[in-house]
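Everything on this sheet refers to the single structure shown next.
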There are 2 protein chains.
Amino acid sequence: MLSKKSQYAFRALTTLARNEGKGPLPISKIVKEHPMSVKFLETILLELRKNDLLGSKKGKGGGYFLLRPPEEISLAQIIRILDGPIAPLKCVSLNFYERCDDCNEVSCGLNKLMAEVRDAKLKVLVKRL
Amino acid sequence: MLSKKSQYAFRALTTLARNEGKGPLPISKIVKEHPMSVKFLETILLELRKNDLLGSKKGKGGGYFLLRPPEEISLAQIIRILDGPIAPLKCVSLNFYERCDDCNEVSCGLNKLMAEVRDAKLKVLVKRL
DNA sequence: CTTAATCCCATAGGTTATGTAGGGTTATGT
DNA sequence: ACATAACCCTACATAACCTATGGGATTAAG
């Protein structure tokens, strides 16, 4: 299940994408379009900024803006930052790999399937915003 | 991410599938093949039984057994019972549908994508065990 | 210089999910 | 009777999730 974090992030980013090139957009404006907790959105955008997806400008006239063109931003990136791995198991994750000690990765029938799931999900999620 | 519940269930079910037709298999035997908490597995198998995936027999010589041929059992069924919806959002779930009030389902760009993700996942998960 | 807008940061609470553990009850075959 | 095994209830520790609060730092504009 997609977390609210990622859901809200998706909505905020689409708004930011539509605002592309028009300077920073403050949280207050984003919330006007998508009713949600301002404080919660704040932490979300902060996290996206720390992961170099967004830039920000402080003070009056400040706000958030995309650091890359919208075409280069995908849901996969958002999810990886806010929710973690796309793969259903760490042992088949591309970006969050961890060895699993209770299944040997060679013979475990599960990780084969989960790798397929990962690829299937990715094929959809890498589409641009 | 797949829960441990579903992971353990998968392993237990493959063992039960291999034991098909040879009568009930007790938890003690399953655990011998897949080292895991007996108590935890107990609750898992119980849940699968309540959802008509498994049958059980008490007492000496008792244990668990599949209620259907292995070919008719898929990971999708296991996940739905133990982890819930396959779809990343309730509003696009086939088996756990719930209206979402903060996005209107017609124009929300997210649920379209998530429906695609659901289908992509399902295509893999409906394969037989 | 003052004010208002805005991002920034830390913390805390309530809820739910997760994984584990203990103890006792009931049914069954020998 | 006895041993085996499923069944059921409770409790707990940890983590994740979502929201809320209070303040601090920075900037633009008047």
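Throughout, a chain's letter reflects where its sequence line sits, starting with A, and its residues are numbered from 1. Because the structure is predicted, anything quoted here is derived from the model rather than measured.
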Legend entry - Side-chain N or O of S37(A) closer than 4.0 Å to phosphate OP1/OP2 of dC18(D): no
Legend entry - First-last contacting nucleotides on DNA chain C - partner chain B, under 4.0 angstrom, heavy atom: dG19(C) to dG29(C)
Inset, instruction - Verify the contact: side-chain N or O of R49(B) to OP1 or OP2 of dC8(D), cut-off strictly under 4.0 Å; return yes or no. - result: yes
Inset, instruction - Output yes when at least one side-chain N/O atom of S56(B) is less than 4.0 Å from OP1 or OP2 of dC7(D), else no. - result: yes
Inset, instruction - Linking directly or through intermediates, with side-chain heavy atoms under 4.5 Å: list the remaining ILVMFWY members grouped with M1(B), chain and number order. - result: none
Inset, instruction - Determine the contact category for K50(A): base if any of its heavy atoms lies under 4.0 Å from a base atom, sugar-phosphate if only primed atoms, P, OP1 or OP2 are that close, otherwise nothing. - result: sugar-phosphate
Inset, instruction - Figure out the NZ/P separation between K58(A) and dA29(D), and round it to whole Å. - result: 17 Å
Inset, instruction - Show your working on side chain to side chain contact (heavy atoms under 4.5 Å, CB included) between L75(B) and K127(B) and close with a plain yes or no. - result: CA-CA 7 Å; L75(B) 236 188; K127(B) 292 181 189 173; over 6 Å; no
Inset, instruction - Whole angstrom is fine here: how far is it from NZ in K60(B) over to C1' in dA6(D)? - result: 15 Å
Listing, residues 52-73 of chain B side-chain donor-acceptor contacts under 3.5 Å, not counting sequence neighbours, or none:
from, atom 1, to, atom 2, distance (Å)
R68(B), NH1, Q77(B), OE1, 3.2
R68(B), NH2, D52(B), O, 3.4

Legend entry - Side chain proximity check, L48(B) to L82(B), heavy atoms < 4.5 angstrom: yes
Inset, instruction - May I ask you to verify if any side-chain N or O of Y8(A) is less than 4.0 angstrom from the OP1 or OP2 atom of dC17(D)? - result: no
Inset, instruction - Can you see which heavy atom on K29(A) is nearest to which on L25(A), and at what distance? - result: CB-CD1, 3.9 Å
Inset, instruction - Could you check how far CG of L45(B) sits from P of dC7(D), rounded to whole Å? - result: 9 Å
Legend entry - Spacing between K39(B) atom NZ and dC9(D) atom C1', to the nearest angstrom: 10 Å
Inset, instruction - Indicate the atoms forming the closest heavy-atom contact of E47(B) with I81(B), along with that distance. - result: OE2-O, 3.8 Å
Legend entry - Interatomic distance where CE belongs to M36(A) and P belongs to dC17(D) [whole Å]: 18 Å
